[in-house]
Student: 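Dumping the structure here so I can ask a few things about it.
For clarity, every value in this text was computed on a predicted model and none was experimentally measured.
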Amino acid sequence: MLFKPDKKDSAKTVDGRKPSLVSRILRRMVSLTVLLVILGGLAYIGWYAFQPKAGGGNRGAAGARTDLPVPVLAATPRTQDVPVYLDGVGSVRALNNVIVRAQVDGKLIAVNFTEGQDVKKGDVLGEIDPVIYKAQYDQAVAKKAQDEALLANQRIDLARYQQLAASNAGSKQQADTQRAVVAQQEALVNADQAVIDNAQATLGYTKIIAPLSGRAGLRQVDQGNIIHAADLTGLVIITQLQPIAVQFSLPQQQIVRVNAASAKGVLAVDVFGNDGVTVVDTGKLTGIDNQVDPTTGTLKLKAEFQNAKFQLWPGQFVNVRLKVETLEKAIVVPTSAVQRGPAGTFSYVIGPDNVATAKPVVVTQQNETDAVVASGLTTSDRVVTTGFANLSDGAKVLIGKDEQAPTADLAPRAKRSRTPDAKGGQKDGQAKDAQTKDGVAGDGQKKDGQGKRGEGDQKGPASGNEQSGGAAKSQP
């Protein structure tokens with residue numbers, strides 16, 4: 001049976017003011033208490049955030065102590081002669097490239113070269129059937145012999161007529177006419193000689209001769225085919241590989257610099273290999289184009305190389321550098337020593353008390369390894385090359401040695417997997433792999449992820465400096 005309150009009592013509780021006032025006061029006190037707790041917590045958090053951590057001493061924003069020296073590597077600027085190069089991209093081209101064509105028509109009866117063979121000037125590359133041209137030559141020779149015999153008879157008649165005319169026994173007119181006949185016959189003999197020379201040259205064209213020394217390409221006509229002087233492909237293409245040329249381009253802004261350098265003497269040109277680092281050949285600049293290409297804004301240049309090892313091939317794209325001058329006794333520092341900031345380039349110079357100071361420097365040129373400094377450094381300075389992460393102007397540094405620089409682990413050890421039989425102890429040799437900051441931790445003295453000592457059921461380490469529960473560290 002449920003309790004049913006009396007209607008009169010309920011009316012008193014609802015209409016009365018005392019219960020309502022007490023509840024309001026309680027609610028306000030609870031709200032005020034909660035608000036005070038929240039404000040107090042926020043105030044404590046703000047106060048704690050602006051206070052230094054306990055036992056931290058003088059620490060930076062990242063929690064690192066700023067009163068400790070920053071470990072760095074340093075180098076001393078050196079003085080040396082530095083060549084100045086202009087880099088460009090070009091293509092290899094043959095100095096001479098000839099399509100060997102037949103000069104007469106006929107049947108190709110012999111091919112005297114191998115594809116890819118080095119040939120010399122004057123070598124017979126192919127032979128055309130010479131029968132027809134030999135007959136024409138013999139015919140011209142016979143015609144000349146006939147005319148020479150007739151000329152000899154006419155000269156004898158001229159001598160007779162001249163004797164008769166001298167003794168008034170014959171007509172002078174007849175002697176003069178005979179003299180003209182002899183001259184006409186001499187001209188005919190000379191014409192016969194020209195025909196012989198032409199026939200001899202035509203007969204010589206039946207042997208296809210190499211016009212220059214070079215490398216023969218692929219054969220275009222096989223033996224037994226009819227070859228014509230009008231053929232566009234020809235018999236073979238000969239390309240001169242030694243010496244060889246490289247045509248490359250430079251920006252139009254370098255025109256004045258290149259012209260000024262070439263006026264002083266022959267400029268050296270280097271060609272790089274496929275790796276872009278190794279110089280495969282060195283030649284000389286032989287030509288500069290007389291105008292700038294308006295479509296690209298570049299100037300074309302041509303260099304010649306001996307190509308003794310055949311490392312340059314026609315049609316090959318190569319990287320080229322042109323030496324325009326040499327900076328004598330320039331101050332050189334490692335490229336890593338030059339830093340860039342909002343105000344320009346600068347370097348950290350280490351003072352006598354091992355305090356690093358940022359000094360502005362002017363760099364004229366630099367590459368992957370060295371930078372040439374025009375001003376700001378001397379050979380007696382020491383500049384920071386490694387360790388800029390925690391370095392700032394006026395920080396104290398600790399200079400290390402080059403052999404202390406970190407190196408990449410080329411063969412990291414594979415992580416060891418857990419084994420069920422590792423419970424109750426560790427396997428032999430696993431405790432020796434855990435390394436600590438101060439040295440090697442003792443056997444079995446390893447920490448888990450909570451900083452507690454490993455117990456009997458601790459797993460073996462996953463690697464040389466890792467554990468299944470966390471990293472092993474030495475006690476302070």
Side-chain angles (χ1 to χ4, degrees), residues 93-158 178-245 286-287 304 307 314-315:
R93 296 189 177 185
L95 285 180
N96 296 290
N97 194 31
V98 178
I99 300 176
V100 180
R101 296 187 175 95
Q103 294 181 271
V104 294
D105 299 342
K107 181 181 178 180
L108 186 63
I109 62 174
V111 176
N112 302 327
F113 70 94
T114 305
E115 295 175 333
Q117 174 187 350
D118 289 330
V119 298
K120 295 182 179 181
K121 182 178 180 180
D123 290 348
V124 178
L125 304 179
E127 297 181 16
I128 300 174
D129 189 1
V131 175
I132 297 177
Y133 304 102
K134 182 64 168 59
Q136 293 176 354
Y137 173 77
D138 294 340
Q139 183 179 1
V141 171
K143 180 65 171 58
K144 181 184 178 182
Q146 180 182 359
D147 291 339
E148 285 179 342
L150 183 59
L151 176 60
N153 184 49
Q154 290 175 353
R155 285 176 176 173
I156 294 173
D157 290 342
L158 176 60
Q178 187 64 28
R179 187 181 294 109
V181 171
V182 171
Q184 183 179 358
Q185 191 64 28
E186 289 176 348
L188 184 59
V189 171
N190 292 334
D192 292 339
Q193 182 61 43
V195 174
I196 292 175
D197 294 341
N198 182 60
Q200 186 177 8
T202 304
L203 180 61
Y205 291 155
T206 58
K207 294 183 182 295
I208 303 176
I209 307 299
L212 54 85
S213 299
R215 179 69 60 87
L218 301 180
R219 186 176 64 253
Q220 304 296 324
V221 181
D222 296 331
Q223 181 178 344
N225 288 284
I226 301 299
I227 192 170
H228 302 278
D231 292 341
L232 298 179
T233 57
L235 177 62
V236 70
I237 298 177
I238 298 179
T239 302
Q240 184 178 358
L241 301 179
Q242 291 178 337
I244 202 168
T286 58
E304 184 176 323
N307 197 23

Student: Is there a side-chain contact between I226 and L108 in this structure, where contact means two heavy atoms from C-beta onward sitting under 4.5 Å apart?
Tutor: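 Result no, sub-4.5 Å side-chain heavy-atom pair not found.
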Student: Is it the case that more than 12 heavy atoms not belonging to I132 sit under 6.0 Å from its CD1 atom?
Tutor: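 No.
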Student: Look up atom CG in N307 and atom CG in L95, then write down how far apart they are to the nearest 0.5 Å.
Tutor: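 N307 atom CG to L95 atom CG measures 10.0 Å (nearest 0.5 Å).
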Student: Taking all non-hydrogen atoms of both residues into account, name the closest pair between L232 and I99 and its distance.
Tutor: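 The answer is O-CG2, 4.2 Å.
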Student: Where is the tightest heavy-atom contact between I128 and A102, given as atom of each residue plus distance?
Tutor: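 Distance-wise, the nearest heavy atoms are CD1-CB, 3.8 Å.
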Student: Under the rule for salt bridge (charged side-chain N to carboxylate O under 4.0 Å, His left out), what residues qualify as partners of D129, not counting sequence neighbours?
Tutor: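 Partners of D129 under the salt bridge (charged side-chain N to carboxylate O under 4.0 Å, His left out) test: none.
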Student: Side-chain contact, heavy-atom cut-off 4.5 Å: V182 with Q178?
Tutor: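 The answer is yes; the side chains approach within 4.5 Å.
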Student: Say you draw a straight line from CG of L203 to CD of Q136; how long is it, rounded to the nearest 0.5 Å?
Tutor: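 CD of Q136 is found 9.5 Å from CG of L203.
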Student: Side chain to side chain contact (heavy atoms under 4.5 Å, CB included) between D123 and N112: does it pass, once the steps are laid out?
Tutor: CA-CA 9 Å; D123 290 348; N112 302 327; over 6 Å; no
Student: Around Q139, counting heavy atoms of other residues, nucleotides and ligands shown, do more than 12 lie under 6.0 Å from its CD?
Tutor: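 Open: at most 12 neighbouring heavy atoms sit under 6.0 Å from CD of Q139.
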Student: Mind checking side chain to side chain donor-acceptor pair (under 3.5 Å) for D197 and listing every partner two or more places apart, or none if nothing turns up?
Tutor: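 Applying side chain to side chain donor-acceptor pair (under 3.5 Å) to D197 gives Q193.
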Student: Name all residues meeting the side-chain contact (heavy atoms from CB on, under 4.5 Å) criterion together with E148; count only those two or more places apart in sequence or in a different chain, and write none if there are none.
Tutor: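 Listed in chain order: K144, V189.
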Student: Does the Q103 side chain pair with the main chain of R101, one donor and one acceptor, at a distance under 3.5 Å?
Tutor: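 Answer holds: no.
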Student: Taking salt bridge (Lys or Arg N to Asp or Glu O under 4.0 Å) as the cut-off, I'd like each qualifying pair that reaches into residues 226-236, sequence neighbours left out, listed once.
Tutor: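 Sorted result for residues 226-236: empty, none.
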Student: According to side chain to side chain donor-acceptor pair (under 3.5 Å), who are the partners of N225, at least two apart in sequence or on a separate chain?
Tutor: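 Once residues adjacent in sequence are excluded, N225 has no partner under the side chain to side chain donor-acceptor pair (under 3.5 Å) criterion.
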Student: Tell me, please, which residues at least two apart from K207 pass salt bridge (charged side-chain N to carboxylate O under 4.0 Å, His left out).
Tutor: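 So K207 forms a salt bridge (charged side-chain N to carboxylate O under 4.0 Å, His left out) with E127.
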Student: Can you measure from CD1 (I227) to NZ (K107) and round to the nearest 0.5 angstrom?
Tutor: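 Here the rounded value is 13.5 Å.
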Student: Supply the atom-to-atom distance D138 CG to K134 NZ, rounded to the nearest 0.5 angstrom.
Tutor: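 It comes to 3.5 Å.
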Student: Quick one: list whatever passes side-chain contact (heavy atoms from CB on, under 4.5 Å) with P314, sequence neighbours left out.
Tutor: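 P314 satisfies side-chain contact (heavy atoms from CB on, under 4.5 Å) with A94, T239, L241, I244 once adjacent residues are dropped.
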Student: As an exercise, state the distance from CZ of R93 to CD of Q240, rounded to the nearest 0.5 Å.
Tutor: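 If I round to the nearest 0.5 Å, the distance is 15.5 Å.
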Student: Run the salt bridge (charged side-chain N to carboxylate O under 4.0 Å, His left out) test against R215 and tell me which residues pass, sequence neighbours left out.
Tutor: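 For R215, the residues satisfying salt bridge (charged side-chain N to carboxylate O under 4.0 Å, His left out) (neighbours in sequence not counted) are D118.
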Student: Under the rule for side chain to side chain donor-acceptor pair (under 3.5 Å), what residues qualify as partners of K143, not counting sequence neighbours?
Tutor: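 For K143, the residues satisfying side chain to side chain donor-acceptor pair (under 3.5 Å) (neighbours in sequence not counted) are D147.
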Student: Just jot down the side-chain contact (heavy atoms from CB on, under 4.5 Å) partners of F113, sequence neighbours excluded, or say none.
Tutor: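 Per chain and number, F113 pairs via side-chain contact (heavy atoms from CB on, under 4.5 Å) with V111, Q117, L125, A216, R219, L235, V236.
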Student: Under the side chain to side chain donor-acceptor pair (under 3.5 Å) test, which residues partner E186, sequence neighbours left out?
Tutor: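 Checked E186 against side chain to side chain donor-acceptor pair (under 3.5 Å); matches are R155.
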Student: Holding to salt bridge (charged side-chain N to carboxylate O under 4.0 Å, His left out), I want the full list of residues that pass it with D105, two or more places apart in sequence or in another chain.
Tutor: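 Listed in chain order: nothing, the list is empty.
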Student: For residues S213 and K120, report the shortest heavy-atom separation together with the two atoms involved.
Tutor: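 Reported closest heavy-atom pair: OG-CA, 3.4 Å.
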